[in-house]
Amino acid sequence: MGRITTAGALGLAVVHQISQPLATIATYTHASRRLLQSGSADRDLVVESMAKAEAEVQRAGLIIERMREFTARGKKSVTAVNLGALAREIAEALGDDARRAGVRLRVAAPPVPSVTADRIQIEQVLVNLVRNAIEAGAALPTGKATVRIMLASRGEEVEVAVEDQGPGIPPEAAASLFEPFETSKANGMGLGLWLSRELVEGNGGRLWYDPGRKGGARFVFRLPRRGQDVL
Ligand code: ADP
């Protein structure tokens with residue numbers, strides 16, 4: 001039932017999100033047509049108007065693409081996942097992004113038990129969280145920000161925390177952080193956190209936000225451990 005309700009709410013949110021770019025596209029294409037019909041069109045103005053329409057088409061396309069990624073992968077492929085190895089791979093893959101943002105990326109991965117999960121889905125979650133943390137850290141002077149991916153064994157669960165030293169999240173924004181399309185970024189889609197929580201919960205775990213201990217943000221997820229093996 002929970003899923004169906006979420007899907008219904010999501011459908012409405014998607015309709016809303018797609019109708020915004022469509023309205024903007026209509027405005028810019030209408031303006032371009034009027035300019036061209038006037039016979040004395042300022043070429044630069046038409047080009048600018050069409051470029052804006054094009055950007056909105058791309059944005060709507062991206063929203064649809066993200067939704068497709070989520071719904072198309074309905075069938076999970078569940079295996080034993082070594083979260084430490086996954087964290088190191090992701091740190092390696094996002095190393096260039098971090099360097100460009102002037103952010104140090106550190107992994108603290110002591111041996112922890114493996115978990116049973118869809119590796120690609122968990123990778124997507126971790127990439128979302130680390131990308132957000134790098135973006136948050138980019139606000140600090142170059143070289144001052146560190147993003148930490150920290151693993152820990154917590155009883156029957158394995159924990160992954162992504163901590164940054166960025167501006168953190170204002171208390172009034174914290175309540176709606178995981179709602180689809182909640183974003184504070186000019187080019188954000190606000191789907192990353194919502195999607196990440198759906199994916200972690202779909203793998204039997206949970207994901208939440210903690211204010212960072214030193215003022216930044218800290219996102220944590222836990223997944224049930226697979227067995228007694230420690231990797
Ligand atoms: P997006 O990144 O497209 O905005 P997300 O769902 O990933 O979408 O994030 C939603 C919002 O949560 C962001 O716009 C930002 O305001 C806030 N947020 C997420 N991660 C962080 C972080 N590490 N530090 C500060 N704010 C964050």
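One-based numbering, in listed order, for ligands and for the atoms of each.
- Residue Gly190 holds the heavy atom nearest to atom 1 (P) of ligand 1 of all those in Gly190, Ser196, Gly192.
- Aromatic ring pairs are classed by plane angle as parallel below 30°, tilted from 30° to 60° and perpendicular above 60°; the pair Phe219 and Tyr209 is tilted.
- In summary, the atoms of ligand 1 found under 4.0 Å from a heavy atom of Ala217, numbered by their order in the structure, are 22 (C), 23 (N), 24 (N).
- Under a 4.0 Å heavy-atom criterion, Asp164 is in contact with ligand 1.
- No side-chain donor from either of Asn82 and Ser114 sits under 3.5 Å from a side-chain acceptor of the other.
- Nearest to atom 20 (N) of ligand 1 by heavy-atom distance, out of Leu177, Val162, Asn132, Val147, is Asn132.
- Distances shorter than 4.0 angstrom occur between a heavy atom of Phe219 and an atom of ligand 1.
- Between the side chain of Gln165 and the backbone N or O of Gly216 there is no donor-acceptor pair closer than 3.5 Å.
- Of the heavy atoms in Ser184, both backbone and side-chain atoms come closer than 4.0 Å to ligand 1.
- Distances below 4.0 Å separate heavy atoms of Met189 from the following atoms of ligand 1: 3 (O).
- Put simply, the side chain of Glu123 does not reach to within 4.5 Å of the side chain of Leu126, judged on heavy atoms.
- Counting only distance, with no hydrogens or angles, the side chain of Asp118 and the backbone of Asn203 share no donor-acceptor pair below 3.5 Å.
- Of the heavy atoms in Leu193, both backbone and side-chain atoms come closer than 4.0 Å to ligand 1.
- A side-chain donor-acceptor contact under 3.5 Å links Ser49 to the backbone of Tyr28.
- Summarising the geometry of Val107 relative to Arg88, their closest heavy-atom pair is CG1-CG, 4.2 Å, with the distance given to 0.1 Å.
- The ligand atoms of ligand 1 that sit less than 4.0 angstrom from a heavy atom of Glu182 are 10 (C), 11 (C).
- Annotation: Arg34, atom CZ; neighbour count of heavy atoms from other residues, nucleotides and ligands within 6.0 Å does not exceed 12.
- For atom 18 (N) of ligand 1, the closest heavy atom belonging to the protein is Ile169 CD1, 4.0 Å.
- Proximity annotation for atom 25 (C) of ligand 1: of Pro170, Gly166, Gly168, Gly168 comes nearest, heavy atoms only.
- Short contacts between ligand 1 and Thr183, defined as distances under 4.0 Å to a heavy atom of the residue, involve ligand atoms 1 (P), 4 (O), 14 (O).
- Among all protein heavy atoms, the one lying closest to atom 2 (O) of ligand 1 is Lys185 NZ, 2.8 Å.
- The single protein non-hydrogen atom nearest to atom 24 (N) of ligand 1 is Ala136 CB, 3.5 Å, given as residue, atom name and distance.
- Residue Ala53 comes nearest to Ile25 through the heavy atom pair O-CG1, 3.7 Å, listed as atom of the first residue, atom of the second, then distance.
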